[in-house]
Amino acid sequence: MAVKIRLARHGKKGAPFYHIVAADSRAPRDGKFIEKLGTYNPNTNPATIDLKFDRALDWLQKGAQPTDTCRAILSYKGVLYKKHLLGGVAKGAFSESDAEAKFNKWMGEKESKIAAKVNKLAADANSAEKAALAAEAKIKEARAAALAEKKAAAAAEAAEAAAAEETPAEEAAE
């Protein structure tokens, strides 16, 4: 039986949510599977991936073939790198402690990149909100100035009308 690590689509139309599963390659996309390895939500930024790392690594070592998208997800989470390092340990290229040190270093760098992206997105959202508030304040000031100008013109017009009414009455009295 050929085992594939692939995505099973869930969620509603336009808002996909995927389960990462190990399934027989002959089974339908959303049908029978052997084991659920995690979830993938592409609707968030950055995408949310929850993965059973050890189980995914175990399936890869047993010969399961990931689809292209699952290969990218497994690479992103470090499963493929860990498999690569364990292959080097099996060949005697380096010790298991060296492999673990390399993997931990890689994971630290990866987590810092992800944290930097999250911080950048938050800062961009914050600056966009401040810019929107500043633009709204300018519009509010412009409307207030136009309203004050309109009120001043109406008051001046009323004063002219009042002065015009008084002048003919004074002339008639003379």
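Because only heavy atoms are used, hydrogens play no part in the values below, and waters and symmetry mates are left out as well, while side chains stay in. Note that this is a predicted model, so its numbers are computed, not measured.
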**Request:** Anything under 30° is parallel, anything over 60° is perpendicular, the rest tilted; go ahead and classify F103 against Y81.
**Result:** parallel
**I139 side chain near R143 side chain, heavy-atom distance below 4.5 Å** = yes
**Message:** Restricting to salt bridge (Lys or Arg N to Asp or Glu O under 4.0 Å), what partner residues turn up for R26, sequence neighbours left out?
**Reply:** D24
**Asked** Any ion pair linking E100 and K82 (charged N to carboxylate O, less than 4.0 Å)?
**Response** yes
**Prompt:** Considering only heavy atoms from C-beta outward, does the side chain of Q65 approach that of R71 to under 4.5 Å?
**Reply:** yes
**Message:** The criterion is side chain to side chain contact (heavy atoms under 4.5 Å, CB included); which residues satisfy it with R55, sequence neighbours excluded?
**Reply:** E35, L37, K52, D58, W59, K62
**Request:** Determine which pairs satisfy ring-ring contact (aromatic ring centres under 6.0 Å, His included) with at least one residue from residues 130-162, sequence neighbours left out, and list them in order.
**Result:** none
**Prompt:** Which of parallel (below 30°), tilted (30 to 60°) and perpendicular (above 60°) describes Y40 and Y18?
**Reply:** parallel
**Message:** Between D98 and S95, do the side chains contain a donor N or O and an acceptor N or O under 3.5 Å apart?
**Reply:** yes
**Message:** Just so I know, are the side chains of L51 and V79 near enough to count as touching, which here means a heavy-atom distance under 4.5 Å?
**Reply:** yes
**side chain to side chain contact (heavy atoms under 4.5 Å, CB included) partners of A15, counting only residues at least two apart** = K12, N43
**Message:** Can you tell me how far apart CZ (R29) and CZ (R6) are? Round to the nearest 0.5 Å.
**Reply:** 9.5 Å
**Message:** Less than 4.5 Å apart, side chain to side chain, heavy atoms only: is that true for S25 and V3?
**Reply:** no
Could you give the side-chain donor-acceptor pairs of residues 114-128 under 3.5 Å, partners two or more places apart or in another chain?
unit_1: N119; atom_1: ND2; unit_2: A115; atom_2: O; d: 3.2
unit_1: K120; atom_1: NZ; unit_2: D124; atom_2: OD2; d: 3.0
unit_1: S127; atom_1: OG; unit_2: A123; atom_2: O; d: 3.3
unit_1: S127; atom_1: OG; unit_2: D124; atom_2: O; d: 2.9

**Spacing of CD belonging to E111 relative to CD belonging to E109, to within rounding of 0.5 Å** = 11.0 Å
**Request:** Please go through V21's hydrophobic cluster and name the other residues, only I, L, V, M, F, W, Y counting, with side-chain heavy atoms under 4.5 Å joining them.
**Result:** F33
**Complete:** Interatomic distance, CD1@I73 vs OG1@T39, rounded to 0.5 Å, equals 9.5 Å
**Item:** Cluster overlap F17 with I20, hydrophobic side-chain contacts below 4.5 Å
**Value:** no
**Item:** Any N41 side-chain heavy atom under 4.5 Å of I49 side chain
**Value:** no
